[in-house]
Q: 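Below is the structure I would like to discuss, written out as structure tokens.
In what follows, residues are counted from 1 in the order of the sequence shown. We use all heavy atoms of the structure for the numbers below, so side chains are in, but hydrogens, waters and symmetry mates are not.
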Amino acid sequence: MMDRDRNKTLLLELQRTAGTGNGRCADCGEPDPEWASYKLGIFICLNCSGIHRNLPQISRVKSLRLDFWENDLIEFMKNHGNVTAKTKYEAKVPPYYYIPQSCDCLVLREQWIRAKYEREEFVATRVCQDPCSAGSREGYLWKRGRENRQFQKRQFVLSAKEGVMKYFTRNSRGPKAIISVRNLNAMFQTEKIQHSHGLQITYSTDGQTRNLFVYHESGKEIVDWFNAIRAARYHYLRTTFPAVPEPELIPRITRKYVKEGYMEKTGPKQKEAFKVRWFCLDSQERNLMYFKNPLDAFAQGQVFIGRMDEGYEVQAGLPKGVRVKKRKPAITVVTPVREFVFICENDREQKEWIDALNGVIAQPLSG
């Protein structure tokens, strides 16, 4: 019992020791990890420990507080730790490779962990692919049809060198679409697509944002596609903006929407009936887009969100003279042209939308 309590105390001290990196999960960065891999010598969070359990040849996990730790395992943890593991297993992570955080979906976190420890893709002895090569890929993805809404197998071809992504239907002689890498974006949307490997690809065409919803049965394959798109985007940005520092470039490779969800909207006269719509806020393009359904290919409309000194503002509540039957929280987006009125489902949603919109209004216009 004394050994058990002493070793638990030593482990918790190790977790809090400055300079070891042990105070955050080695894989997703979650603070105060409560688990550890005693084969790898790392401290990890509960969610990542579940992934490690599926890799028994590589990793074995125990709870810091609930499990018994033998003296030799304590010594092993002392001699290793998160910074040591990072130096070994993350020696050559490419700048375009997406490193997931605790809030990211399971497939991203699982493939990051497998890439590091199982496949050892980033150890110092590995030869890194250049972004142009890494941003070239060909294969099949299941794509949701725009009209029939069924997922069908489609061939996709990505070429960083040509700066395009293409996809083909079964009987087409040429590509169904040729998408410029300049306008390309990708984000995981597992809940929206209702598939654990669901990916949303967006691009601009004729002034509108086009959505493609795809998945692959293999978690590795869909994450490889995502990072190939990121490599192609990185190659484009690095060659187009050679003087831009790396820390400014990386966030622009791909992006998630700041917020998504249902709100109700009325028309320009503010007397039309309120209709439920799905909204997506894109901070980089400064657009609030709305769709009849979350998986629609095109938005029904969009509202540009400029800066406050240009006359843009978001307010809680309704404009003067506007009345609604429903007693639900509302927000008003003021633009130089008109006011847009939206009704939220509850107070929490109202606050989240106001905070998200204010965040876009506060950011400088990108050149």
Side-chain angles (χ1 to χ4, degrees), residues 21-61 80-129 131 134-135 137 139 141 185-191 193 195-201 214-234 246 250-251 253-256:
N22 298 340
R24 288 186 173 273
C25 174
D27 296 323
C28 74
E30 180 80 2
D32 303 317
E34 295 269 308
W35 291 74
S37 166
Y38 59 88
K39 281 190 81 171
L40 294 167
I42 56 174
F43 291 79
I44 53 178
C45 70
L46 174 63
N47 287 334
C48 289
S49 76
I51 298 169
H52 280 258
R53 281 185 193 279
N54 293 326
L55 306 171
Q57 302 303 315
I58 310 294
S59 183
R60 292 287 174 90
V61 299
H80 290 80
N82 290 5
V83 166
T84 304
K86 189 181 180 77
T87 303
K88 177 182 177 180
Y89 293 105
E90 298 181 33
K92 285 191 175 177
V93 180
Y96 55 79
Y97 194 97
Y98 185 81
I99 299 175
Q101 298 173 318
S102 57
C103 57
D104 281 305
C105 61
L106 176 62
V107 69
L108 269 174
R109 289 184 288 112
E110 180 182 355
Q111 291 306 316
W112 165 238
I113 288 168
R114 287 184 179 275
K116 278 203 291 184
Y117 309 120
E118 188 178 52
R119 300 191 292 269
E120 294 192 352
E121 290 182 15
F122 314 120
V123 294
T125 51
R126 282 292 184 107
V127 178
C128 278
Q129 271 191 311
R137 192 170 185 85
L141 296 170
N185 185 40
M187 67 191 94
F188 275 90
Q189 292 277 20
T190 57
E191 288 184 23
I193 297 172
H195 193 286
S196 57
H197 303 159
L199 189 70
Q200 178 175 346
I201 297 169
V214 300
Y215 72 84
H216 196 281
E217 298 94 332
S218 160
K220 180 181 183 300
E221 188 72 14
I222 198 69
V223 172
D224 285 350
W225 266 105
F226 178 59
N227 280 306
I229 290 169
R230 285 181 59 86
R233 283 278 303 157
Y234 178 79
E246 197 93 324
I250 301 299
I253 296 177
T254 57
R255 63 195 183 277
K256 301 175 195 173

Q: Which of these passes ring pair (Phe, Tyr, Trp, His ring centres under 6.0 Å) with Tyr97: Phe226, Phe122, Tyr234?
A: Phe122
Q: Between Cys28 and Arg109, which heavy-atom pair has the shortest distance, and what is it?
A: CB-CD, 4.4 Å
Q: Any chance NZ of Lys39 has more than 12 other-residue heavy atoms, nucleotides or ligands included, within less than 6.0 Å?
A: yes
Q: Take Ser102 and Cys45 through the test side chain to side chain contact (heavy atoms under 4.5 Å, CB included) and record every step on the way to the result.
A: CA-CA 9 Å; Ser102 57; Cys45 70; 5.9 Å; no
Q: Just grab all the salt bridge (charged side-chain N to carboxylate O under 4.0 Å, His left out) pairs involving residues 27-38, residues at least two apart or on different chains.
A: Asp27-Lys116, Glu34-Arg65
Q: When rounded to the nearest 0.5 angstrom, what distance separates CD in Glu217 from CG in Leu141?
A: 9.5 Å
Q: Looking at every heavy atom in both Ile193 and Gly198, which two are closest together, and how far apart are they?
A: CD1-C, 3.6 Å
Q: What pair of heavy atoms forms the shortest contact from Cys48 to Cys25, and how long is it?
A: SG-SG, 3.8 Å
Q: Of all heavy-atom pairs between Gly41 and His80, which one has the smallest distance, and what is that distance?
A: O-CB, 3.7 Å
Q: Answer yes or no: is there a side-chain heavy-atom contact under 4.5 Å between Val123 and Arg126?
A: yes
Q: Which distance, rounded to the nearest 0.5 Å, do you find between the OH of Tyr117 and the CG of Leu55?
A: 10.0 Å
Q: Under 3.5 Å, is there a donor-acceptor pair between the side chain of His197 and the main chain of His216?
A: yes
Q: Please check if atom CD in Glu246 has more than 12 non-hydrogen atoms from other residues, nucleotides or ligands closer than 6.0 Å.
A: yes
Q: Check the pair His52, Ile113 against side chain to side chain contact (heavy atoms under 4.5 Å, CB included), reporting the backbone distance first and the verdict last.
A: CA-CA 8 Å; His52 280 258; Ile113 288 168; 3.9 Å; yes
Q: How long is the gap from CZ on Arg137 to CD on Glu221, to the nearest 0.5 Å?
A: 4.5 Å
Q: Taking side chain as C-beta onward, heavy atoms only, is Ile42 less than 4.5 Å from Ser37?
A: yes
Q: Would you indicate whether Glu191, at its atom CD, is surrounded by more than 12 heavy atoms from other residues, nucleotides or ligands within a distance under 6.0 Å?
A: no
Q: Please indicate whether Glu118 has more than 12 foreign heavy atoms, meaning atoms of other residues, nucleotides or ligands, lying under 6.0 Å from its CD.
A: yes
Q: Would you call the rings of Tyr215 and His195 parallel, tilted or perpendicular if under 30° counts as parallel and over 60° as perpendicular?
A: parallel
Q: Got Tyr89 and Leu40 here, is their nearest side-chain heavy-atom distance under 4.5 Å?
A: yes
Q: Over all heavy atoms of both residues, which pair between Glu90 and Ala26 is shortest? Give the atoms and the distance, please.
A: OE2-O, 3.9 Å
Q: CG of Leu108 to CD of Glu110: how many Å apart, nearest 0.5 Å?
A: 10.5 Å
Q: To the nearest 0.5 Å, tell me how far Asn22 CG sits from Ile44 CD1.
A: 12.0 Å
Q: One pair to check against side chain to side chain contact (heavy atoms under 4.5 Å, CB included): Asn185 and Arg255. What are the steps and the verdict?
A: CA-CA 7 Å; Asn185 185 40; Arg255 63 195 183 277; 3.7 Å; yes
Q: Can you name the one residue among Thr254, Asn227, Asp104 that meets side-chain hydrogen bond (donor to acceptor under 3.5 Å, both in side chains) with Tyr98?
A: Asp104
Q: Can you tell if the side chain of Phe188 reaches within under 4.5 Å of the side chain of Val223, non-hydrogen atoms only?
A: yes
Q: Looking at every non-hydrogen atom in both residues, tell me the closest pair between Trp225 and Gly139 and how far apart they are.
A: CZ2-N, 3.5 Å
Q: Report yes or no: does Arg60 contribute a side-chain atom to a donor-acceptor pair with the main-chain N or O of Tyr38 at less than 3.5 Å?
A: no
Q: Report the C-alpha separation of Gln111 and Arg119 in whole Å, then their side-chain angles, then the decisive distance to 0.1 Å, and conclude whether the side chain to side chain contact (heavy atoms under 4.5 Å, CB included) test is met.
A: CA-CA 10 Å; Gln111 291 306 316; Arg119 300 191 292 269; 3.3 Å; yes
Q: Any heavy-atom pair between the side chains of Asn47 and Leu106 that's under 4.5 Å?
A: no
Q: Are Asp224 and Lys220 packed together at the side-chain level, in the sense that at least one heavy-atom pair is separated by less than 4.5 angstrom?
A: yes
